[in-house]
Each structure stands twice: as structure tokens, then as C-alpha cells.
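Just below is one structure, and these are the notes that go with it.
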Amino acid sequence: MKAFGIALLAASLALAADGQPSPQKQEADAVKACADAVLAGFRKIAPTRDVRFEGKVSEANALCRGGDRAMQFRDTPWVDWSNYWGTGDDSSLPKLAPVVSKAVTARGVAGALIDLEFQRVELIKFNLFDNSGTYEQFINGHDGTPGPALKVWPEMRLKPDNPAFSQVGGDGPQECKGSLIRGRTTTGICNDVLNPAMGSSGTLFARNVEFESAFPESSPAVFTRNRHGGRLALLQPDPQVISRRLLTRIQSDPAACGNGFGLPGNSVSANCDYKKASFFNVLAAYWIQFMTHDWFSHMEEGHNAPEMMKTGCDSQLVNGLPTPLTPDQVKELGCRPDDQIDKGYVADDSAPGTFTKDGHQYLTRAPKVMANKNTAWWDASQIYGYDDTSVRRVKRDPKDPAKLLLEPVAGQNGGYLPVLTADDPKNPQWAGQESAAFPDNWTVGLSFLHNLFTREHNSFVDEFRRVAAKTPNADCGLRDPANPKKVIRYKDVTPDDLFAAARLVVAAEIAKIHTTEWTPQLLYGEPLYKGMNGNWNGLLGTGDPDVSKALSNIIVSNFGKSKDATKATQWYSVFASGPGIFGIGSKVHGYDITKPEYTNGGVNHFGSPFNFPEEFVSVYRLHPLMPDLLEYRDLKKDPNKIAEKVAVINTFEARATDAMRTRGMANWGLTLGRQRLGLLQLHNSPVFMQSLKLPRLDTKTGQVDILALDIIRDREHGVPRFNEFRRQYGLRQLTSFDDFIDHSLPAASPDRREQEETVKTMREVYGQHACDASKIITDAQRNADNSPINDCLGHPNGSMVDNIEDVDTVVGYLAEPVRPHGFAISETQFVVFILNASRRLFSDRFFTSSFRPEFYTTLGIDWVNNNGPGPVMMEKGAPNGHKQPVLPMKRVLMRNIPELQPELDSVVNAFDPWARDRGEYYTLEWKPRHGAEADDAFKSPAATTTAAAIK
Ligand code: HEM
């Protein structure tokens with residue numbers, strides 16, 4: 001006892017010497033703060049948008065959930081939860097006795113999840129703006145039902161020119177029935193049985209921001225005009241200048257990079273510097289390109305509108321005024337004034353109507369609206385098609401039409417997609433590529449993923465046929481809504497039925513991979529591991545199907561059907577985290593596939609028809625993820641050796657197909673799996689993309705700077721600029737470019753110096769102005785003292801302030817210097833996902849109430865739940881403390897590219913670089929796993945770009 005007392009005294013003295021209170025004392029303070037927070041009660045959901053959460057909690061809550069560390073960062077613009085206990089790596093765990101430490105960590109992580117749920121609930125309340133004519137109903141309600149509780153909209157009816165018009169009821173009440181509800185339709189109609197047009201190809205992109213805040217260049221709204229002071233135009237500030245000065249990857253040895261083409265013969269001596277993410281691989285970059293091709297497209301068959309436009313390289317700001325660039329400046333920047341691109345399509349730019357409520361005037365839609373040419377559903381339409389043209393590129397196997405066509409390739413194992421033929425609908429630039437519904441911007445990564453999931457489709461069909469051969473008379477689970485009582489035996493299933501079921505299975509597997517494997521690696525930490533698994537399996541994680549079923553039924557019947565707006569939206573969202581969104585409403589007693597209250601009963605659109613908002617497209621402009629050179633490896637020779645450096649641009653379009661067929665799926669899997677992708681930061685965009693050749697344009701240069709184009713397209717689509725974008729989504733505003741510096745970094749650190757240099761460049765590129773405090777610039781938020789936010793952003797009236805309001809959203813989110821641990825994206829991008837990623841599940845009948853054997857087959861349901869055939873396969877050990885199944889992408893890879901099985905043996909998450917040691921609790925360390933010590937990627941010095949190199 002005496003010895004213990006002495007040790008305690010010694011410990012406290014030692015700690016007193018460094019001036020820090022002991023961990024025990026900190027924890028005692030935190031516990032008291034928790035009690036204070038509990039007494040203060042849960043914060044209320046904000047009644048109006050200008051007083052919403054902003055991700056910043058009370059002092060008591062910060063102390064309770066994260067101790068002194070969380071208190072330190074309360075004054076920054078960035079969300080608090082990333083400083084709570086357990087939300088980072090080992091260093092975020094409390095240094096206390098193990099039992100106490102576990103409880104404190106759980107408190108921190110739970111706190112983070114509570115903050116995220118508050119954000120989601122307020123996003124659902126304040127950020128849904130439909131462009132297709134339903135917004136007035138959302139605000140004013142309809143026939144006594146408040147807007148957020150509405151479930152059916154006349155605007156979501158099929159129009160008379162739709163081939164299924166009369167089938168759904170024509171001019172009378174419309175309801176999808178029979179063959180239209182059995183599976184996913186080509187154009188995406190009838191996913192929602194009572195809103196046949198919702199999410200179908202050609203419907204309008206929505207918005208997540210007030211219509212008045214969109215199109216800042218031209219908006220007549222006073223706030224918006226005040227915000228930008230007439231400084232903005234489509235090409236102002238100049239997008240190519242922004243690209244060259246803020247986005248270019250600086251090269252330590254430009255000759256070794258060869259403008260992104262590397263060196264002749266794919267020499268390994270080539271090198272294009274890029275900043276790498278240690279915990280995310282190139283397969284993950286191609287994955288997200290593959291996903292976006294499923295979700296949305298502004299383009300039609302690979303082109304935009306017929307008119308052409310310039311893309312900048314004309315001017316820069318001098319003393320706040322746009323001043324023409326001299327030829328020398330053009331040369332120094334390396335931009336191209338003669339580049340041109342086809343203008344984006346606009347579906348409607350007529351003046352929107354207005355309506356009023358409580359004396360406030362609203363626009364009925366944004367001043368311009370654009371159409372999503374793809375289905376908005378997560379339906380694998382990049383593989384299976386989304387309109388009459390794209391579906392002609394989807395080839396069924398004549399020997400078994402339930403399968404997709406794959407053909408042998410000499411020297412390679414497994415089947416490969418066939419190449420487009422002369423008869424296939426195509427743009428000239430696609431000639432020589434594999435045949436796929438969405439063929440644009442084809443890369444070797446897309447080729448890999450299309451081939452992989454085509455194989456997966458066929459694997460499911462093979463397994464189904466195997467079971468059918470064994471038990472031909474058994475009930476396969478499928479039902480025909482036109483004849484619902486008739487049992488369909490395995491032997492009765494037609495190739496078309498099986499094809500449709502396989503599509504449902506593949507789409508659900510893709511959604512599961514994205515939700516439970518890709519995203520938890522993109523946002524690599526405990527809160528998002530739990531949160532994303534919560535979206536799929538439920539946060540309660542009871543593992544007890546009865547509990548989950550009971551909860552799901554309570555939610556659907558009590559909240560889903562409620563006419564009370566709060567219950568129908570906010571409570572629904574919160575309580576759905578218990579059993580999980582996936583499958584919600586599918587286990588209802590007496591389920592009847594002919595009745596919409598069952599098939600459609602689990603969906604919730606929260607009062608606003610589902611489609612992606614323009615803001616969602618903006619945060620997916622992830623071009624910095626791409627490296628310039630692929631570190632090619634040969635599985636049979638030596639997986640640890642980088643055998644060649646293949647330029648990404650040399651695997652573009654038909655060259656992708658050639659690369660795939662000559663080198664094979666296994667080698668490309670290994671290559672993409674082991675290489676790190678590019679960090680989403682400024683000065684880290686691919687060199688080759690600044691000079692991408694697009695011969696279809698037939699312009700003087702034939703080239704385009706895709707990074708400048710990202711900025712131009714966002715401006716064409718009216719995406720608000722970064723600071724207002726954050727306010728609109730309930731994040732805290734920035735007040736100067738200096739907020740792009742992480743002031744917690746040591747002054748001499750290279751990262752801090754680079755940020756300071758970048759801020760100087762931003763000041764030159766975007767400029768400053770003398771502010772006018774009489775100009776109110778937003779109604780989305782207020783200052784802490786409840787005063788309106790004005791042009792001076794807290795600086796003295798008349799002083800020179802940064803044009804922080806003008807920063808393009810893409811530039812702003814890449815510049816964010818502080819991100820939660822393990823976040824490959826910034827918090828601004830993330831907040832857009834919180835809302836839209838869960839809506840994508842909530843709104844889709846096939847992921848909720850129609851996730852049933854009647855549609856998927858019994859085998860299909862098991863396949864999705866178990867990540868493939870047979871029972872669940874468990875991963876070795878307990879990665880990051882979780883016993884978990886072998887994740888679905890890993891299973892898909894092992895199943896369809898068996899050569900990769902030994903390589904994948906030590907992989908837990910297919911999107912974590914395959915040779916990395918995953919180490920302990922969410923470490924981001926770049927360290928080889930056992931057996932990969934000789935991997936070349938661990939030898940080369942980290943590519944860093946110093947601030948001094950950036951002009
Ligand atoms: C070699 C790789 C890639 C190339 C060559 C490429 C090229 C392009 C091109 C030419 C466009 C069309 C620009 C326009 O006219 O509007 C585009 C759009 C886009 N890209 Fe990429 N891209 C690549 C990889 C990626 C990746 C990895 C992502 C990650 C998500 C991505 C996301 C997007 C998005 C969101 C758009 C806008 C689509 C729309 O507006 O509907 N791209 N890309």
C-alpha cells in the first residue's frame with residue numbers, strides 16, 4: 001500500500017513537472033462535464049436554418065467526449081467530433097486503466113455518432129430542394145399533410161410519351177404493377193411504385209442549397225449580389241490560372257515525368273511526384289469513378305451541348321481587377337488560351353416561379369436546371385444500361401442468356417468483356433474499347449471493375465444453376481406479381497428472370513461494398529466504421545434478427561406512415577440507425593408483392609423526390625485521386641517488384657482494353673491494389689489531365705485542362721462558392737484565407753510552410769476588397785451574437801478583406817488543412833455524403849422493403865447478406881477490435897480472380913494498400929506487412945512537394 005502511495009506521488013510529481021494535469025484528473029473533470037451536459041439536456045433540432053448545429057458542441061460536451069484536446073480546437077471552423085476520444089489512431093485513446101479507457105473511448109465515439117446524427121437530421125430538414133416542381137408542396141404541404149410527410153407527387157408521374165404510360169395507368173391514378181415492378185427497369189422507372197418517374201434517366205438534378213444561393217454570378221438575390229460584389233463570371237477568376245497556380249502537381253524532376261507520359265518503354269526510372277494516401281489504394285480511385293458512372297451524368301453519349309466555349313487562360317487579377325495575361329505570362333503558366341469545350345446541357349433556363357409562405361418569398365426551383373442523363377438509382381446501370389441506346393451495348397451470352405457475354409482471351413484465365421463492334425452504338429472515341437453500357441472516359445481501372453462485376457453476375461448465375469440442378473423442384477423464392485400465389489420452382493425460372501435477379505444481386509453487392517468497405521476505408525476511423533455499418537446492419541449490432549425485425553417494423557409503422565413531419569423525417573432517420581436502413585420494411589408480417597404498402601412501404605424520401613443534387617456531383621470531382629503513372633506489377637514474377645511504370649494516359653479508352661487483355665485481370669488487380677492513390681489536396685492533380693487530348697472536340701488545340709473544366713462545370717451548374725456552400729450545409733464559415741492554415745502545426749513544419757505559401761497564392765488569384773459592413777451576405781447563418789453576417793466577416797468596416805467568398809468549392813475543399821483522422825476527403829465533402837449517401841438507400845425500394853426473395857430469389861438474398869455463396873466467412877482475428885465477416889469486395893475478388901487468393905489472404909479491406917501492415921487501431925503508418933518487406937513502394941522516398949517550389 002505504501003509502495004503504491006509512493007508510486008502515485010511520483011507519478012503526479014512527474015506529470016506536474018510538464019504542467020499537464022494527470023489523465024486521472026482530466027477524466028474526473030470530464031466526468032463532471034458529462035454530468036453537466038446531461039443536465040443541460042440534448043440540444044434541440046434547430047427550428048430555423050440560421051441557428052443550426054454547425055458541428056460545434058457546448059464546452060461541457062466537448063470536455064466530456066474529448067477532454068482537453070477537444071477543448072483546444074473549439075474556436076476553429078472545423079467540426080468538434082474529430083477530437084473526441086477514440087476517433088483517431090492509438091494516440092486518441094485515453095491513457096487510463098484498460099477498463100476505464102474502454103468506457104471513455106466508447107463515450108468519445110458515441111459522441112461523434114450523436115454529432116453525425118444531428119447533422120443528418122438537420123440536413124434532411126434544411127437541405128432538400130427539388131427542382132422538378134414539388135418544392136412548393138414541401139414548404140406549404142398538400143391537402144393538410146405537411147410537406148416533409150408527403151410521399152406521392154404528381155410531378156413524378158410518367159408523361160404520355162413514356163412507353164409505359166398506359167401500363168402504369170395513363171391519365172388516371174398511376175401505379176406500377178406486374179412486370180414493371182419485378183426488377184430494376186432500364187430507365188429506372190417504377191423503383192418507387194407510386195412515383196413511377198422518380199430517379200429515372202433524364203429527370204432533373206436536385207439541389208441541397210437554397211435556390212437563391214445558387215448561380216452566384218447571375219443571381220438577383222440581394223444576399224448573393226452582396227456576397228460577391230460583381231466580381232464573378234463564368235471565366236472569372238480565370239479557371240486555367242486557378243488550375244495552374246493552385247492545382248498543378250509540382251515535379252522534382254519534370255523530365256522523369258514526361259508530362260505525365262513517363263519514359264519510353266514504361267521504364268521504372270520514370271517518376272511523377274504525387275502526394276499519396278498511405279491508407280487508400282488506386283483501386284479505390286477507380287471504384288469511385290465506376291460508381292459515379294452509375295449515379296449521374298451531365299453528358300449524353302459522351303458529349304455535351306453543340307455550342308463551344310472558351311476555357312480561360314485569359315486574365316489574372318491585378319489590384320483586384322481582371323487584367324489580360326501577356327504572352328510571357330501565358331508561357332510561364334503553361335496554360336492554353338485557344339482551348340475550347342462544348343457547353344453543358346441546360347434542361348430549362350426559363351425564369352422560375354415564386355410563392356410565399358409567412359411573408360417570405362421562395363423560388364419554385366433554381367434559375368437553371370440540368371437533367372441527369374443516367375438513372376439516379378444505385379442500380380449498376382453503368383453495367384446494365386440506363387436508356388435504349390446504352391442497353392444495346394450490354395451483351396447477353398447466347399449460350400445462356402441469363403449471363404453476360406464474356407469471351408476467352410489467349411494467354412489469360414477467365415472470361416473478358418467483348419470489344420464494341422461496328423454495329424454497336426458508339427462515339428468514334430470509344431472504338432476498340434470493351435462493350436459497356438457507360439463507356440465514357442474508359443480507363444484500365446474501369447475495364448477491371450466492369451470485367452470483375454460481369455464475372456460476378458455470371459458467378460451468381462452459375463451457382464443458381466448448380467442449386468437448380470440439385471433441387472429442380474424446390475421453391476426458389478421468386479414470385480410473379482401478375483400471378484403471386486404460384487410458387488416458382490428452380491426449374492421454372494426463365495433466363496430473363498434469372499438475369500434480372502442477378503442484376504439486383506450485383507447492384508446490392510456494389511452498394512454493400514461501397515457502404516461497408518470502401519467508405520469505412522475512405523474515412524478510416526472508428527466512428528465511420530460504426531456509422532457506415534449502422535447504415536447497413538444497424539447500429540445496435542445485436543446480431544439478433546428478431547430484434548432488428550421488431551425495430552424495423554416499429555419505425556415503418558409508427559414513423560414512416562406518420563403525417564407528423566417531425567416523426568416522418570427526423571425520428572425516422574434517427575431510429576433507422578438502430579436496425580439499419582438496408583432491408584427496412586422488408587420483414588413485415590403478411591407481406592404481399594401486389595400491394596404498394598408492402599413493396600414500397602419501407603422507402604422514405606423525406607418529402608422531396610430523390611435525385612442527386614448538383615452539389616453532390618461537385619464533391620465527387622475527385623480527379624486528384626489519380627496518379628500519373630501506374631506501378632505495374634507481375635503476380636507470377638514478383639509481386640513486390642514494380643516491373644514497369646505505365647502512364648495512366650496510355651491506358652485511356654481503347655488502350656485500356658489492350659492493356660487489360662495483354663496483361664490480364666490478376667496483374668492489374670495486384671497493381672491497383674498495392675499502389676497508393678493521390679491525396680485530395682491542392683497542388684496534387686494529375687499532370688496528364690491538364691493537357692488531356694479530346695479529339696472529338698475538333699478545336700485548335702484539341703486539348704482540355706480537365707481541372708479547369710471541373711471549376712467551369714461547377715460554375716455552369718450554379719454550385720455556390722465554398723464559404724456559402726459550407727453555410728448552406730450547416731458548417732462553420734471561414735473568415736479569411738488564413739483559415740486554410742492549420743495553426744496547430746509547428747511554425748517551421750513543411751506542411752505549415754506549404755499552407756502559408758498557398759494562402760499567399762490564393763490571395764493573388766482570388767484577390768481582396770475593401771469591405772462594407774452594411775451589406776448582409778447570407779441568410780443561411782448568423783454570427784454568434786445573433787447579428788447578420790456581413791461583407792466584413794467580423795473584420796473592421798472598410799478594411800481590406802480576402803475574397804474568401806469567391807473561392808470555388810472544389811478549390812476550397814481541397815484546401816481544407818484540418819480533417820478528421822483517416823479522412824481522405826474533407827469535412828465539406830463529407831457533409832454532402834452524410835445526407836445523400838443515406839438517402840440513396842432510404843429512397844430505393846430494392847434496398848428497403850423490396851429486398852425480398854420474391855424479387856432477389858432466396859439464393860440472392862443469402863448471397864447479398866453473406867457476401868457470396870454459403871455461410872458467412874469470418875475474417876481472421878479482430879481487425880481494429882472488431883470480429884467481422886470477410887468483406888464483400890475481398891470475396892468478389894477471391895471468387896472471380898482466384899489467382900489473387902494468396903495475395904488477398906492478408907488483406908482485410910480491399911481498398912487499403914495490399915502490402916501495408918494494417919497495424920493497431922486505425923494507424924495510417926506506411927509500413928510493409930509480413931512478406932512484403934521487399935516491396936519497392938516502401939523503398940522510394942515519400943514524394944513531397946515543398947512550398948518553395950510553388951510559385
Ligand atoms: C483517367 C481517369 C479520368 C479521366 C481521363 C477523366 C476525365 C473526365 C472528363 C473528360 C470529364 C468530362 C468533363 C466535362 O465535359 O464535363 C470528367 C468528368 C467527371 N469526372 Fe473524371 N476522369 C477520370 C477519373 C475520374 C475519377 C477517378 C473520378 C472520381 C470520382 C472522376 C469524377 C468525375 C466527375 C464527378 C465528373 C463530372 C461528371 C458529370 O458532370 O456528370 N473522374 N472526367
Side-chain angles (χ1 to χ4, degrees), residues 201 205 239 260 280-305 308-309 311 339-346 370-374 376 382 386 427 429-430 438-449 514 518 522 611-630 646-653 655-656 659 672 677-678 680 685-697 699 702-717 719 809-810 824-825 829 832-833:
S201 303
F205 279 108
F280 218 25
N281 61 19
V282 174
L283 182 62
Y286 284 120
W287 173 268
I288 193 60
Q289 191 188 19
F290 182 56
M291 288 301 94
T292 60
H293 291 180
D294 178 351
W295 300 330
F296 55 77
S297 173
H298 284 90
M299 297 172 79
E300 206 167 289
E301 287 290 286
H303 61 76
N304 301 290
M308 300 296 284
M309 63 178 174
T311 66
D339 278 9
Q340 291 205 16
I341 187 78
D342 38 4
K343 286 188 181 170
Y345 282 114
V346 178
M370 276 61 64
N372 183 355
K373 309 287 172 155
N374 214 323
Q382 78 277 42
Y386 40 87
N427 249 334
Q429 76 248 24
W430 301 334
F438 196 103
D440 208 27
N441 295 328
W442 196 247
T443 56
V444 75
L446 290 179
S447 166
F448 180 81
L449 291 163
H514 190 87
W518 186 86
L522 169 92
N611 207 318
F612 291 107
E614 295 289 357
E615 290 70 28
F616 186 77
V617 179
S618 173
V619 298
Y620 275 102
R621 296 190 178 279
L622 303 181
H623 290 125
L625 294 179
M626 294 304 305
D628 282 283
L629 305 176
L630 296 171
V646 179
V648 170
I649 188 60
N650 284 333
T651 69
F652 193 42
E653 298 178 333
R655 286 164 288 174
L672 306 180
L677 55 61
L680 289 165
S685 289
V687 177
F688 79 89
M689 280 201 189
Q690 285 181 316
S691 307
L692 192 70
K693 285 205 173 98
L694 293 178
R696 74 175 175 85
L697 296 173
T699 56
Q703 282 174 301
V704 171
D705 178 340
I706 296 298
L707 314 169
L709 191 57
D710 278 334
I711 292 170
I712 297 172
R713 292 294 187 219
D714 268 9
R715 293 178 184 176
E716 277 189 296
H717 302 150
V719 174
T809 291
V810 172
I825 53 171
Q829 291 169 288
V832 182
F833 301 164

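In each ligand, atom 1 is the first atom listed, and ligand 1 is the first ligand listed. Note that this is a predicted model, so its numbers are computed, not measured. Residues: numbered from 1 along the sequence shown.
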- Note on the structure: among protein heavy atoms, the one nearest atom 38 (C) of ligand 1 is F296 CE1, 4.1 Å
- Task: Check for a donor-acceptor pair, side chain of D342 on one end and backbone N or O of N304 on the other, with a separation under 3.5 Å.
- Result: yes
- Would you call M689 a ligand 1 contact, heavy-atom distance under 4.0 Å? yes
- Task: Would you mind telling me if ligand 1 is within reach of the side chain of D342, the backbone, both or neither, using heavy atoms under 4.0 Å?
- Result: neither
- Can you tell me if N611 uses its side chain to pair, donor with acceptor, with the backbone of A371 under 3.5 Å? no
- Message: Give me the residue, atom name and distance of the protein heavy atom closest to atom 16 (O) of ligand 1.
- Response: R713 NE, 2.7 Å
- Note on the structure: atom 35 (C) of ligand 1 sits nearest the protein heavy atom Y620 O, 3.3 Å
- Message: Checking the N or O distance criterion of under 3.5 Å, is ligand 1 in contact with D710?
- Response: no
- Task: Output the distance between atom OG (S201) and atom CD (E300), rounded to the nearest 0.5 Å.
- Result: 10.0 Å
- Task: Could you name the option among N372, T651, I288 that has the heavy atom nearest to atom 29 (C) of ligand 1?
- Result: I288
- Looking only at atom types and distance, does a side-chain atom of D628 sit under 3.5 Å from a main-chain N or O of F688, one as donor and one as acceptor? yes
- Query: Quick one: does Q382's side chain have a donor or acceptor within less than 3.5 Å of a partner on F290's backbone?
  - Reply: yes
- Message: Need the ligand 1 atom indices (1-based, order shown) with element for anything under 4.0 Å from a heavy-atom of L709.
- Response: 13 (C), 14 (C), 15 (O)
- Message: For atom 5 (C) of ligand 1, what is the closest protein heavy atom, and at what distance to 0.1 Å?
- Response: F652 CE1, 3.5 Å
- Note on the structure: Judged by heavy atoms only, the candidate from K373, E614, H298, H303 nearest atom 40 (O) of ligand 1 is H298
- What orientation do H298 and F205 show, parallel under 30°, tilted 30 to 60°, or perpendicular over 60°? parallel
- Query: Between the main-chain N or O of V619 and the side-chain N or O of Q829, is there a donor-acceptor pair closer than 3.5 Å?
  - Reply: yes
- Note on the structure: At under 4.0 Å between heavy atoms, what of V704 touches ligand 1? The answer is neither
- How are the rings of H514 and W287 set to each other: parallel, tilted or perpendicular (split at 30° and 60°)? parallel
- Message: For atom 12 (C) of ligand 1, what is the closest protein heavy atom, and at what distance to 0.1 Å?
- Response: M299 SD, 3.9 Å
- Query: So Y620 and F296, would you call those rings parallel, tilted or perpendicular, with 30° and 60° as cut-offs?
  - Reply: tilted
- Looking at A285, which atoms of ligand 1 are within less than 4.0 Å of one of its heavy atoms? 27 (C)
- Task: Would you mind listing which atoms of ligand 1 come within a distance below 4.0 Å of any non-hydrogen atom of N304?
- Result: 15 (O)
- Any non-hydrogen atom of T443 lying under 4.0 Å from ligand 1? yes
- Note on the structure: Near atom 21 (Fe) of ligand 1 (protein N/O/S, cut-off 2.8 Å, waters excluded) we have H623 NE2
- Item | CH2-CG distance between W430 and N441, expressed to the nearest 0.5 angstrom | 9.5 Å
- Item | Per-atom contacts, ligand 1 versus S297 - under 4.0 Å to a heavy atom | 41 (O)
- Query: Strictly under 6.0 Å, is that where the ring centroids of F280 and W518 end up?
  - Reply: yes
- Calculate, to the nearest 0.5 Å, the distance between atoms CD1 and CG belonging to I288 and L283 respectively. 12.0 Å
- Between the side chain of D705 and the main-chain N/O of S691, is any donor-acceptor distance below 3.5 Å? no
